[in-house]
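Scroll down for the structure; my scribbles are underneath it.
As the structure lists them, so they are numbered: ligands from 1, and atoms in each ligand from 1. For this chain, numbers begin at 1 and follow the sequence in order.
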Amino acid sequence: MNEQVRAWVRAARHIAVLTGAGMSAESGVPTFRDAQTGLWAQFDPQQLATEDAFRANPSRVWEWYAFRREMIAKVEPNAGHRALAAFAQRHAGRLTLFTQNVDGLHQRAGSPGVLALHGNIAEDKWLDAPKKCCNASAAVAGSPPYCVRCGNMLRPDVVWFGEMLPVDILAAAEDAARECDLMLVVGTSGVVYPAAGLARTAAGKVVIVNPEPTDLDDAADAVLRGRAAQLLPILLEE
Ligand code: BV8
């Protein structure tokens, strides 16, 4: 099967790639659904990754993101991240990468023009529309930091459940899905929408790379039961 997919990669004029938490698993970032050990196993995502949860308990949610930021800062992109970056650099304009991951590892691996569907955990933004007094660099240190004049709080610049994805980034990903000859769907359980929906709108062949069954397997032309850092270098090497 790998040979078949390698032939599809060679023949594809435009490749779209959708990645999820499994892409970063071999870098040491726990996935969201890892049984019992996974981040979500300790915390209910609805309790933490929502605006309501943040307003109800800002420091608890802020601390959770601080915990994840520290962990992500200690890890490195893996061979899968690097294979995607190298392919995109060798074949300018032939690969469009959109990710659900907020860890920035694709960007750190050197992938150009990554479409971060769910934002970037390393960035902050104001919870409420900033007023003239809201200056992030002058924010009072705290958990979370806040504006001394109006109390506005900083929050991680990620997309929480119930929040819209960045319109321009989602539109670019939808365009790439509609124009692709091949879509690689790597390391995602395919349960969070609208990201998972991109695999269902792919014009080209859909290839899933995942050691476990996913909610998108029915949409696939090929399913490769393996791990991202093992399979992507094989699928993308010249
Ligand atoms: C919205 C950022 C609307 C924050 C995240 C349609 C149907 C049902 C529900 C909905 C729907 N449309 C909308 C919804 C609601 C909701 C949703 O999808 N809920 C789900 C839970 C049912 N969607 C939303 O709320 C979205 N917003 O719809 O707004 C709207 C409309 C108008 C006006 C206002 C609003 C926003 C969704 C984004 C939420 N933010 N992250 C943060 O990170 O803190 S989601 C977060 O969880 C991740 O970004 C990711 O998307 C998701 C986790 O999924 P995966 O990445 O797939 O990870 P998972 O652990 O599940 O799976 C890992 C996989 O890797 C496994 O399959 C495993 O086998 C595999 N694996 C493991 N090791 C490896 C591997 N694979 C390869 N190699 C390995 N080594």
Below 4.0 angstrom from a heavy atom of [X], which ligand 1 atoms are there? Numbered from 1 as shown, please.
X: E212; answer: 69 (O)
X: E26; answer: 78 (N), 79 (C), 80 (N)
X: G187; answer: 63 (C), 64 (C), 65 (O), 76 (N), 77 (C)
X: V191; answer: 18 (O), 20 (C), 22 (C)
X: G20; answer: 56 (O)
X: Y65; answer: 4 (C), 42 (C), 44 (O)

CG of D181 to NE2 of H14, rounded to nearest 0.5 Å, is 8.0 Å
Out of [options], who gets a non-hydrogen atom closest to [atom]?
atom: atom 75 (C) of ligand 1; options: A195, P211, A25; result: P211
atom: atom 50 (C) of ligand 1; options: Q100, M164, E163; result: Q100
atom: atom 56 (O) of ligand 1; options: A21, G162, G190, S24; result: A21
atom: atom 66 (C) of ligand 1; options: T31, V159, N210; result: N210
atom: atom 19 (N) of ligand 1; options: W64, W160, F161; result: F161

Does M23 have a non-hydrogen atom less than 4.0 Å from ligand 1?
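Distance cut 4.0 Å: M23 fails for ligand 1.
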Common cluster, L18/V159, ILVMFWY with side-chain heavy-atom separation under 4.5 Å:
yes
Linking I/L/V/M/F/W/Y whenever their side-chain heavy atoms sit closer than 4.5 Å, directly or via other members, would F67 and F54 fall into one cluster?
yes
Can a cation-pi geometry be assigned to R155 and W160, taking NZ or CZ under 6.0 Å from the six-membered ring centre and within 45° of the ring axis?
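Satisfied, under 6.0 Å and within 45°.
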Cation-pi between R68 and W64: NZ/CZ under 6.0 Å from ring centre and within 45° of the ring axis?
yes
Do you know which of [options] makes side chain to side chain contact (heavy atoms under 4.5 Å, CB included) with [X]?
X: L236; options: L231, L84, V17; answer: L84
X: V102; options: D157, V158, N120; answer: V158
X: T99; options: V186, V114, T188; answer: V114

Exercise: identify the closest heavy-atom pair between L154 and A139:
CD1-CB, 4.1 Å
Using a 3.5 Å cut-off on N or O atoms only, is [X] in polar contact with ligand 1?
X: H118; value: yes
X: A228; value: yes
X: S189; value: yes
X: R227; value: no

R55 and D128 ion-paired at < 4.0 Å
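Result for this pair is yes, salt bridge flagged.
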